[in-house]
Amino acid sequence: MKLDPRLTPARGDVAAAHLKGQVEADRFDEGVCYQVTDGVCPLRQAPSLSARLETQLLYGESFTVYDIADGWAWGQCTLDDYVGYAPIAALSAQVFAPDLRVVNLRTAIFPTPDLKSQPHQIISRNAKLAYVEFDEASGFVRLARGGWSPMVHLAPLDLAATDWVARAEQMLGAPYLWGGKDSIAVDCSGLIQSALETAGIAAPRDTDMQEAALGREIGADLARLERGDLIFWDGHVGVMRDANILLHANGFHMKTVSEPLAETIKRLGAPRTIKRLPIKQI
């Protein structure tokens with residue numbers, strides 16, 4: 001079976017230990033788990049600030065590192081298995097098991113449990129936090145890594161959103177960014193992956209992977225579309241808000257927009273695949 005290089009931690013000089021016998025490499029390594037400490041951490045195609053952005057890791061996500069050189073860590077995301085290069089300055093070898101996730105579009109990490117104090121970091125929805133205590137008087141939680149965040153923006157890690165499409169709708173107007181998946185800017189598959197994660201639905205990172213893995217195919221009858229249906233073209237995906245309106249992050253508008261599906265079809269042609277999956281989780 002051919003291994004997908006996007007999901008295979010293997011280079012000529014080093015590869016993950018579990019790939020021994022499947023790939024050729026000078027050495028095989030078990031890897032070391034690191035955790036993202038920046039609000040958003042880029043995962044790039046090569047160890048360079050000018051290299052293409054493949055995806056992003058959010059605060060609290062874990063990343064298995066197999067090699068470190070010249071300020072870059074090469075490894076694999078725990079969330080979706082994507083492989084690439086992350087700046088080592090955005091990672092920590094001290095890992096705290098998360099208890100909470102950010103459910104607001106964004107929240108802040110404050111130095112004290114005081115909303116008037118100057119926050120030193122802004123983190124996005126789906127960021128993951130470990131906490132030490134809840135201060136009832138202020139409504140803030142003290143974080144294991146330091147700092148405080150308002151509990152009203154957080155929820156238990158396993159609490160699923162009841163309508164993941166509504167979470168996608170919150171991103172209307174967000175700028176388009178190839179490889180983006182945080183609450184500031186997204187690409188088409190990043191929008192879908194992020195929204196599904198709020199509902200506890202694991203989704204791969206790229207459009208072709210999502211097309212293969214998510215939901216059930218329902219044919220090409222556009223008259224049967226429902227809220228939550230995923231519409232796939234070659235290299236593009238969007239989600240239906242209802243029977244007629246598509247929500248998608250796209251390079252034509254350079255942002256996340258809501259528009260009649262018929263308008264998108266005029267530009268891109270007929271959809272390649274339509275997949276259906278639950279809108280609400282119990």
For the pair R6 and D206, find out whether any cationic side-chain nitrogen is under 4.0 Å from an anionic carboxylate oxygen.
-> yes

Reference residue L230; test side-chain contact (heavy atoms from CB on, under 4.5 Å); the match among I192, T273, I274 | I192

Do the side chains of V237 and C188 get nearer than 4.5 Å, heavy atoms only?
-> yes

N-O pairing of D242 and R227 below 4.0 Å = no

Decide, yes or no, whether a salt bridge links K275 with E217 under the criterion of side-chain N to carboxylate O below 4.0 Å.
-> no

Test D182 against every option in R106, R125, Q56 by the side-chain contact (heavy atoms from CB on, under 4.5 Å) rule and name the one that passes.
-> Q56

List the steps, then state whether side-chain hydrogen bond (donor to acceptor under 3.5 Å, both in side chains) holds for S258 with R241.
-> CA-CA 8 Å; S258 179; R241 300 183 71 181; 2.9 Å; yes

Is it the case that one hydrophobic cluster holds both L277 and F232, taking links as side-chain heavy atoms less than 4.5 Å apart, direct or via other members?
-> yes

Taking the side chain as every heavy atom from C-beta outward, state whether S189 and R205 have any pair of such atoms under 4.5 Å apart.
-> yes

Begin with the C-alpha distance, continue with both residues' side-chain angles, and end with the deciding distance and a verdict on salt bridge (Lys or Arg N to Asp or Glu O under 4.0 Å) for K116 and D114.
-> CA-CA 5 Å; K116 294 181 181 179; D114 179 359; over 6 Å; no

Cationic N near anionic O, under 4.0 Å, R27 to D29 = yes

Would the number of heavy atoms belonging to other residues, nucleotides or ligands and lying under 6.0 Å from OH of Y131 be above 12?
-> no

Yes or no on salt bridge (Lys or Arg N to Asp or Glu O under 4.0 Å) for K181 and E54, after CA distance, side-chain angles and deciding distance?
-> CA-CA 10 Å; K181 74 164 194 178; E54 298 283 43; over 6 Å; no

Should L268 and L225 be regarded as members of a common hydrophobic cluster, given that ILVMFWY residues are connected when their side-chain heavy atoms come within less than 4.5 Å of each other, either directly or indirectly?
-> yes

List the steps and the verdict of salt bridge (Lys or Arg N to Asp or Glu O under 4.0 Å) for D67 and R11.
-> CA-CA 10 Å; D67 186 58; R11 304 185 318 205; 2.9 Å; yes

Thinking salt bridges, do R272 and E211 make one under a 4.0 Å N-O criterion?
-> yes

Ring geometry between H253 and H248 (parallel below 30°, tilted from 30 to 60°, perpendicular above 60°) = perpendicular

Is any NZ, NE, NH1 or NH2 atom of the basic residue among R101 and E197 found under 4.0 Å from an Asp or Glu carboxylate oxygen of the other?
-> yes

Taking 4.0 angstrom as the limit, do E259 and K266 come out as a salt bridge?
-> no

Does T198 use its side chain to pair, donor to acceptor, with the backbone of A195 at less than 3.5 Å?
-> yes

What is the minimum heavy-atom distance between Y176 and A249, and which atoms define it?
-> CD1-C, 3.8 Å

